[in-house]
Amino acid sequence: MTTAVATTHPVSIAELVRRAEQCQKEQLAAGVKLTTPPISRLKLQTIEPTGTKGDRITGARVTFSFSVEASDCNTWGTIHGGCVFTICNAAGKIATAVVANGAKNIVSTDLTTNYLSGVPVGSIVSVEMECLRTTKSIGFLRGSIRDAK
């Protein structure tokens, strides 16, 4: 399911995967009908800790794959901007949960997107979110969605 990075960190990759999977299950259990299908199709690929302090992870890069279906697309047959936001928000929440050990009260406050090209139905994309830092209520992230080829 995931690829381990060959470095030593104070929290095991298995524990980070458990945190990510738990967060995704909680998002799906919330049952928000507009967001559940895209979230359920996020497939965890890798988790790479990017920072440590003492016995905790302070940053992590989490990568998912996602297959674009017709229900995710606009009238031009490319992924809808709202779906892109939903995917980024869900993947970002999971990346934050990995770093903040499952914290539930961390919110999204700002999202800037730049669209470089359309992604057609049937494409497989790589969704990479990096949690750079967390506070008690905010996670600072950056991410990208790219063609998986």
Side-chain angles (χ1 to χ4, degrees), residues 1-69 71-72 78-119 123-149:
M1 176 180 214
T2 65
T3 304
V5 178
T7 56
T8 303
H9 298 286
V11 180
S12 71
I13 296 295
E15 170 59 15
L16 299 179
V17 169
R18 186 201 63 76
R19 291 177 189 178
E21 289 173 344
Q22 179 63 33
C23 182
Q24 187 172 19
K25 285 179 190 174
E26 289 170 4
Q27 289 183 52
L28 289 168
V32 179
K33 292 182 184 188
L34 293 175
T35 61
T36 300
I39 295 170
S40 66
R41 293 195 323 272
L42 278 174
K43 303 297 180 207
L44 184 62
Q45 299 296 312
T46 63
I47 296 178
E48 178 186 356
T50 57
T52 61
K53 185 174 184 179
D55 64 347
R56 64 188 182 92
I57 299 293
T58 58
R61 184 175 301 111
V62 183
T63 306
F64 303 87
S65 63
F66 180 80
S67 60
V68 179
E69 296 181 0
S71 61
D72 305 321
T78 60
I79 194 166
H80 189 281
C83 186
V84 170
F85 174 83
T86 299
I87 293 166
C88 288
N89 201 41
K93 186 165 182 72
I94 294 168
T96 302
V98 165
V99 173
N101 195 10
K104 294 177 182 19
N105 296 324
I106 295 178
V107 298
S108 301
T109 59
D110 185 33
L111 176 68
T112 302
T113 53
N114 296 299
Y115 298 96
L116 303 178
S117 65
V119 178
S123 297
I124 306 263
V125 295
S126 176
V127 180
E128 181 181 287
M129 293 302 292
E130 183 176 4
C131 183
L132 304 167
R133 174 175 177 260
T134 60
T135 67
K136 289 182 182 179
S137 61
I138 298 175
F140 296 88
L141 303 128
R142 71 174 159 213
S144 64
I145 297 178
R146 303 172 195 267
D147 191 342
K149 294 178 189 173

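Note that these values count all heavy atoms, side chains included, but never hydrogens, waters or copies made by symmetry.
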OG1-CG distance between T96 and L132, expressed to the nearest 0.5 angstrom: 9.5 Å
Non-hydrogen atoms of Y115 and G81 that approach each other most closely: OH-CA, 3.4 Å
Separation between OG1 of T112 and CG of N114, rounded to the nearest 0.5 Å: 7.5 Å
Residue pair V99 / C131: nearest heavy atoms and the distance that separates them: CG2-CB, 3.7 Å
Distance in Å, N89 CG paired with I94 CD1, rounded so as to fall on 0.5 Å steps: 10.5 Å
Heavy-atom check, side chain of F66 versus side chain of I145, under 4.5 Å: no
Atom pair CD/CD of E130 and E48 - distance to nearest 0.5 Å: 8.0 Å
Non-hydrogen atoms of M129 and G143 that approach each other most closely: SD-CA, 3.6 Å
No-hydrogen, no-angle side-chain donor-acceptor test under 3.5 Å, S65 and Q45: yes
Side-chain heavy atoms of P49 within contact of I13, under 4.5 Å: yes
Closest non-hydrogen atom pair, T50 against A60: OG1-N, 3.2 Å
CD-CD1 distance between E26 and I39, expressed to the nearest 0.5 angstrom: 12.0 Å
Residue pair I124 / D147: nearest heavy atoms and the distance that separates them: O-OD1, 3.6 Å
Point-to-point distance, once rounded to the nearest 0.5 Å, from CZ of R142 to CD of E128: 8.5 Å
Closest non-hydrogen atom pair, V127 against A91: CG1-CB, 3.9 Å
Side-chain heavy-atom pair I87, D72 within 4.5 angstrom cut-off: no
Side-chain heavy-atom pair I57, T52 within 4.5 angstrom cut-off: yes
Check: R18 and E15 side chains under 4.5 Å, non-hydrogen atoms: yes
